[in-house]
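Model, not experiment: these values are computed from the prediction.
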Amino acid sequence: MANFNSRISIIHTFLVCSLYFSDFGFLQGVTSFGINYGQLGNNLPPPDEVLELLSSLRLTKARIYDTNPQILSAFANSSVELIVTVENEVLAQLMNPQQALQWVTTHIKPYFPATKITGIAVGNEIFTDNDKTLMSYLVPAMVSIHGALVQLGLDSHIQVSTPTSLAILAESYPPSAGSFKNEYYGTMSQVLQFLSSTKSPFWVNAYPYFAYNGDPTRISLDYALSNPNAGMIDPYTKLHYDNMLYAQVDAAIFAVARMGFNGIEVRVSETGWPSKGDANEVGATLENAAVYNRNLLRRQLKNEGTPLRPNMRLEVYVFALFNEDLKPGPTSERNYGLYQPDGTMCYNVGLSALSTPSTTSSTSTATVSFTSSSTKAATMEYQSLVYWMFVYLLTIQVFMRRLF
């Protein structure tokens with residue numbers, strides 16, 4: 001009997017592992033896919049409704065551009081992990097360790113751990129405007145904020161980084177040529193030293209749309225959208241790239257490595273495609289936006305890595321949850337959202353693979369959940385679970401008959 005129980009235990013372990021690694025695991029959601037929740041609109045839904053939307057889509061990661069107390073309170077006791085942001089205009093005062101401690105004590109500590117704050121973005125695209133004064137505030141502010149987290153015992157839960165634009169790269173093609181512009185070397189070296197010492201990721205805002213819009217005659221739209229295409233082969237690494245986003249990320253990885261920090265993980269803090277633009281904004285269409293984000297989600301469902309780091313799944317935050325009517329700049333800036341502020345979809349990207357199935361409706365009237373292939377995906381996942389349960393029971397019966 002002991003021998004029998006031992007065999008049953010082994011079989012049970014094998015089947016549980018098989019079930020865990022089967023497609024049924026997709027019901028748990030995509031662990032590497034997040035969304036940017038901007039608030040520059042005068043007609044956006046309240047935070048509790050936003051949380052309901054994210055929960056219905058099984059999205060468990062979000063990033064906000066401040067430390068809005070209403071959002072932090074509304075997201076308490078939910079499954080959503082939040083990255084919060086220190087606004088650029090307050091970096092100067094947070095260089096002071098005491099001011100940083102006060103900021104963390106006021107803006108972070110009262111909400112943690114009920115609200116799952118996992119990251120603090122110190123500023124946003126600090127290097128883009130080439131403001132040397134602002135750049136000089138960045139690293140001291142990062143150090144002070146991290147020091148405050150250490151003092152409060154929060155540093156093992158909350159990472160500190162800063163999102164940067166791909167405009168900081170002097171070269172990005174081919175990816176192996178990736179390098180930072182000379183004028184950023186000093187500050188960037190300090191940023192990377194900080195990230196390395198605190199084991200934090202390097203966050204990059206990567207938009208194939210900008211590259212395509214800037215040179216649509218030479219850049220393939222399919223390559224930018226991640227549609228099937230011949231792609232390109234890096235002549236030095238011989239790695240094949242079939243989409244521009246992965247090429248951009250690997251260019252950033254090479255740039256970081258050139259500074260002597262090969263071990264730092266690179267994550268995409270923003271990427272997306274506008275559904276509407278001005279006459280000179282080539283490619284900013286509803287169709288292209290839907291295709292780009294649909295292809296992005298499809299890759300995220302596979303937990304893919306880039307060609308350079310194929311075994312490290314790439315964490316990506318799509319921009320953005322809503323169209324925001326108060327954003328300045330060209331028309332495209334106000335049209336990156338997956339949703340309109342009233343809760344209707346701008347277009348269908350297929351997030352139904354994560355959400356609960358709902359009645360199919362048109363793009364113009366759909367709310368809460370996307371509808372593409374949800375029923376089919378859910379059915380396949382359920383069938384996978386039933387199959388493994390059947391195998392388990394059948395195996396037990398066979399062994400019992402042999403022994404008794």
Side-chain angles (χ1 to χ4, degrees), residues 34-45 50 62-68 71 83-91 121-135 137-138 162-169 172 181 184 203-217 219 221 224-225 244-245 248 252 268-293 296 316-342 344-347 349:
I35 198 158
N36 286 279
Y37 167 21
Q39 304 154 58
L40 292 179
N42 59 13
N43 53 358
L44 297 177
V50 174
R63 175 184 168 219
I64 58 176
Y65 291 84
D66 53 19
T67 52
N68 186 322
I71 295 176
I83 294 174
V84 301
T85 303
V86 178
E87 299 93 326
N88 290 1
E89 53 268 26
V90 300
L91 291 191
V122 181
N124 187 51
E125 297 193 343
I126 297 296
F127 298 91
T128 301
D129 295 329
N130 204 26
D131 183 337
K132 289 185 170 52
T133 301
L134 186 59
M135 279 191 276
Y137 300 155
L138 178 60
T162 183
T164 58
S165 164
L166 275 180
I168 62 175
L169 297 183
S172 61
K181 292 179 179 177
Y184 302 142
W203 291 338
V204 61
N205 296 342
Y207 287 89
Y209 163 72
F210 291 139
Y212 175 75
N213 179 58
D215 197 357
T217 58
I219 295 177
L221 179 60
L225 293 175
M244 181 176 285
L245 178 64
Q248 291 178 333
V268 178
S269 40
E270 286 183 19
T271 191
W273 198 286
S275 59
K276 186 179 180 181
D278 296 321
N280 64 339
E281 294 188 287
V282 182
T285 68
L286 194 70
E287 180 184 9
N288 288 342
V291 169
Y292 180 80
N293 285 312
L296 177 65
V316 175
Y317 283 71
V318 69
F319 187 87
L321 185 56
F322 297 110
N323 282 340
E324 301 169 70
D325 63 352
L326 297 183
K327 291 199 71 175
T331 298
S332 62
E333 286 295 314
R334 293 175 288 283
N335 289 278
Y336 274 91
L338 302 184
Y339 279 94
Q340 299 287 0
D342 64 2
T344 59
M345 284 192 303
C346 296
Y347 48 82
V349 300

N/O donor-acceptor pair under 3.5 Å between Tyr317 side chain and Arg63 backbone: no

Asp278 side-chain N/O to Pro330 backbone N/O, donor-acceptor pair under 3.5 Å: no

Minimum side-chain heavy-atom gap Ile126-Leu91 below 4.5 Å: yes

Between CG on residue Asn43 and CD on residue Gln340, distance to nearest 0.5 Å: 9.0 Å

Shortest non-hydrogen contact between Asp325 and Gly41, atoms and distance: OD1-CA, 3.1 Å

Over all atoms of both residues, closest heavy-atom pair of Val84 and Asp66: CB-O, 3.5 Å

Side chains of Gln248 and Val204 in contact at under 4.5 Å (non-hydrogen atoms): no

Residue pair Gly123 / Pro163: nearest heavy atoms and the distance that separates them: O-CD, 3.3 Å

Between CG on residue Leu245 and CG on residue Leu225, distance to nearest 0.5 Å: 11.5 Å

Asn130 and Met135, any side-chain heavy atoms less than 4.5 Å apart: yes

Minimum-distance pair of heavy atoms, taken over all atoms of Tyr209 and Ala284: OH-CB, 3.8 Å

Side-chain heavy atoms of Leu338 within contact of Ile35, under 4.5 Å: yes

Any donor-acceptor pair under 3.5 Å from Asn335 side chain to Gly277 backbone: no

Side-chain donor or acceptor of Asn323 paired with backbone N/O of Gly337 under 3.5 Å: yes

Minimum side-chain heavy-atom gap Thr164-Tyr184 below 4.5 Å: no

Validation row: Asn36, Tyr336 side chains within 4.5 angstrom (heavy atoms): no

Rounded distance (nearest 0.5 Å) linking atom CG of Asp342 with atom CZ of Phe322: 9.5 Å

Qualifying residues under side-chain hydrogen bond (donor to acceptor under 3.5 Å, both in side chains), relative to Ser165, sequence neighbours excluded: none

Partners passing ring pair (Phe, Tyr, Trp, His ring centres under 6.0 Å) against Tyr212 (at least two apart in sequence or in another chain): none

Worked verdict on Gln39 versus Tyr65 for side-chain hydrogen bond (donor to acceptor under 3.5 Å, both in side chains): CA-CA 8 Å; Gln39 304 154 58; Tyr65 291 84; over 6 Å; no

side-chain hydrogen bond (donor to acceptor under 3.5 Å, both in side chains) partners for Glu333, two or more places apart: Lys327

Distance in Å, Leu138 CG paired with Asn88 CG, rounded so as to fall on 0.5 Å steps: 9.0 Å

Tyr339 side chain near Met345 side chain, heavy-atom distance below 4.5 Å: yes

Heavy-atom pair of closest approach, residues Thr67 and Ile64: CA-CD1, 4.5 Å

side-chain contact (heavy atoms from CB on, under 4.5 Å) evaluation trace for Asp129 with Leu134: CA-CA 9 Å; Asp129 295 329; Leu134 186 59; over 6 Å; no

Pairing residues for Glu324 by the side-chain hydrogen bond (donor to acceptor under 3.5 Å, both in side chains) criterion, not counting sequence neighbours: none

CD1 on Ile219 to OG1 on Thr217, rounded to 0.5 Å: 8.5 Å

Interatomic distance, Phe210 atom CZ to Glu281 atom CD [nearest 0.5 angstrom]: 8.5 Å

Residues that Tyr292 engages under ring pair (Phe, Tyr, Trp, His ring centres under 6.0 Å), provided they are two or more places apart: Trp273

pair Thr271-Pro208: side-chain heavy atoms closer than 4.5 Å: yes

Shortest non-hydrogen separation from Met244 to Ala211 and the atoms involved: SD-CB, 3.5 Å

Listed partners of Glu125 passing side-chain hydrogen bond (donor to acceptor under 3.5 Å, both in side chains), at least two apart: Asn205

Atom CD of Glu87: over 12 foreign heavy atoms under 6.0 Å: yes

